[in-house]
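The block underneath contains the structure these notes are about, expressed in structure tokens.
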Amino acid sequence: MNRVLAVSRMQLINKWTFLGIPAVILGGAFALCLALFAIIPSGPKFSGGAPFAPLWYFFALGIQSLTLTFPFSLGMSVTRRAYFFGTYVTFSAVALGMAVIYGIGTQVELATHGWGMDGYFFRVPYLFDGPWWQSMIVSFVITLFFFTLGFWGATLYKRWGVTGVLVVSIGLALLVVAAIFVVTLGGFWGAVGDFLVQISILGLSGILALLAAAMGLGAFLTIRRAVP
């Protein structure tokens, strides 16, 4: 446990990477949306995809977290297991911080009627228009999903290089094509459409959580054989 926490603290040595840059991205998107809300005369006004601006950075950060610190950690005699769980402690802490921001933000917007302008940055319809705890769960899962996606891709690259990343990417693409083929051949598109229309945001978050867990397991198994 001590080594796991040590890895987590190591990831946070440069706090600007994990905390500062996401705050600047989110704050910049928020300020820009407020300016647009003030310009647009009538409401309600929604920010669209602006609240998700940090997610692409979190994907890149998942990649960067491995490529920059993994060789150093092994050089300091940190086990791959401790490195993996320590890094995920950091990922989870940042995702929790984002979840708190979104949970509070949605309720502040509700209480102030969209910052007094009927404009909503955090309360994205369907995703974050529920109770505060639901917004926190959704935000946490989505953030951790993007972290894990980047981290898993980085472990594949460390283990098998570009060839491994391409093989896995092509394999996943073939699975998607096969699924589309089966659905089309069986005439299941109506059922798929009904499922997509009826699924709640918590149900969708559960699916993303399962995908993130699968990628996390893949990353854990891959990093055990990865070389610095």
Side-chain angles (χ1 to χ4, degrees), residues 1-22 24-25 49 52-98 140-182 204-228:
M1 179 60 69
N2 289 336
R3 288 195 172 187
V4 169
L5 295 178
V7 171
S8 181
R9 288 194 297 269
M10 178 196 66
Q11 294 284 14
L12 291 174
I13 288 177
N14 185 359
K15 294 180 175 58
W16 179 253
T17 302
F18 273 92
L19 305 177
I21 294 178
V24 169
I25 295 174
F52 305 108
L55 294 181
W56 304 111
Y57 174 74
F58 288 140
F59 168 72
L61 188 56
I63 299 173
Q64 180 178 305
S65 299
L66 181 77
T67 56
L68 293 182
T69 60
F70 183 61
F72 175 77
S73 298
L74 294 189
M76 297 298 292
S77 299
V78 174
T79 64
R80 288 169 171 80
R81 180 187 180 91
Y83 177 83
F84 176 86
F85 286 108
T87 300
Y88 262 85
V89 167
T90 306
F91 286 167
S92 299
V94 175
L96 180 60
M98 291 293 295
F140 179 84
V141 170
I142 293 176
T143 302
L144 200 59
F145 175 85
F146 275 84
F147 267 133
T148 304
L149 181 61
F151 190 75
W152 180 47
T155 60
L156 291 175
Y157 180 80
K158 276 291 185 182
R159 179 67 179 88
W160 291 294
V162 176
T163 302
V165 176
L166 287 176
V167 168
V168 172
S169 299
I170 293 173
L172 292 175
L174 290 176
L175 286 177
V176 172
V177 171
I180 293 174
F181 176 77
V182 171
L204 183 59
S205 297
I207 294 174
L208 287 180
L210 290 175
L211 291 175
M215 290 188 296
L217 177 60
F220 176 72
L221 296 176
T222 304
I223 203 173
R224 295 175 66 183
R225 298 289 184 178
V227 296

Are side-chain heavy atoms of R224 and F220 found at a separation under 4.5 Å?
-> yes
Could you grab the distance from atom CZ of R159 to atom OG1 of T222, nearest 0.5 Å is fine?
-> 8.0 Å
Atom pair CG (L204) and CG (L208), whose distance is rounded to the nearest 0.5 Å = 5.0 Å
Would you give me the side-chain donor-acceptor pairs under 3.5 Å for residues 146-157, sequence neighbours excluded?
residue: T148; atom: OG1; partner: Y88; partner atom: OH; Å: 3.0
residue: T148; atom: OG1; partner: L144; partner atom: O; Å: 2.7
residue: T155; atom: OG1; partner: W152; partner atom: O; Å: 2.6

Between F140 and S92, what is the shortest heavy-atom contact and its length?
-> CE1-O, 3.5 Å
Which side-chain N or O atoms in residues 160-182 pair as donor and acceptor under 3.5 Å with protein atoms at least two apart or in another chain?
residue: S169; atom: OG; partner: V165; partner atom: O; Å: 2.7

Mind checking the CG-CE spacing from L210 to M215? Nearest 0.5 Å is all I need.
-> 11.0 Å
Is it true that a side-chain atom of S8 and a backbone atom of V4 form a donor plus acceptor pair closer than 3.5 Å?
-> no
Working to the nearest 0.5 Å, report the span between OG1 of T90 and CZ of R9.
-> 10.0 Å
List, one per line, each side-chain donor-acceptor pair under 3.5 Å for residues 58-75, sequence neighbours excluded.
residue: S65; atom: OG; partner: L61; partner atom: O; Å: 2.6
residue: T67; atom: OG1; partner: I63; partner atom: O; Å: 3.3
residue: T67; atom: OG1; partner: Q64; partner atom: O; Å: 3.3
residue: T69; atom: OG1; partner: Q11; partner atom: NE2; Å: 3.2
residue: T69; atom: OG1; partner: S65; partner atom: O; Å: 2.4
residue: T69; atom: OG1; partner: Y83; partner atom: OH; Å: 2.7
residue: S73; atom: OG; partner: T69; partner atom: O; Å: 2.9

Are F85 and R3 close enough that some pair of their side-chain heavy atoms sits under 4.5 Å apart?
-> no
Note: P54 and P22 closest approach over all heavy atoms is CG-O, 4.4 Å
Quick one: does T17's side chain get under 4.5 Å of Y57's, heavy atoms only?
-> yes
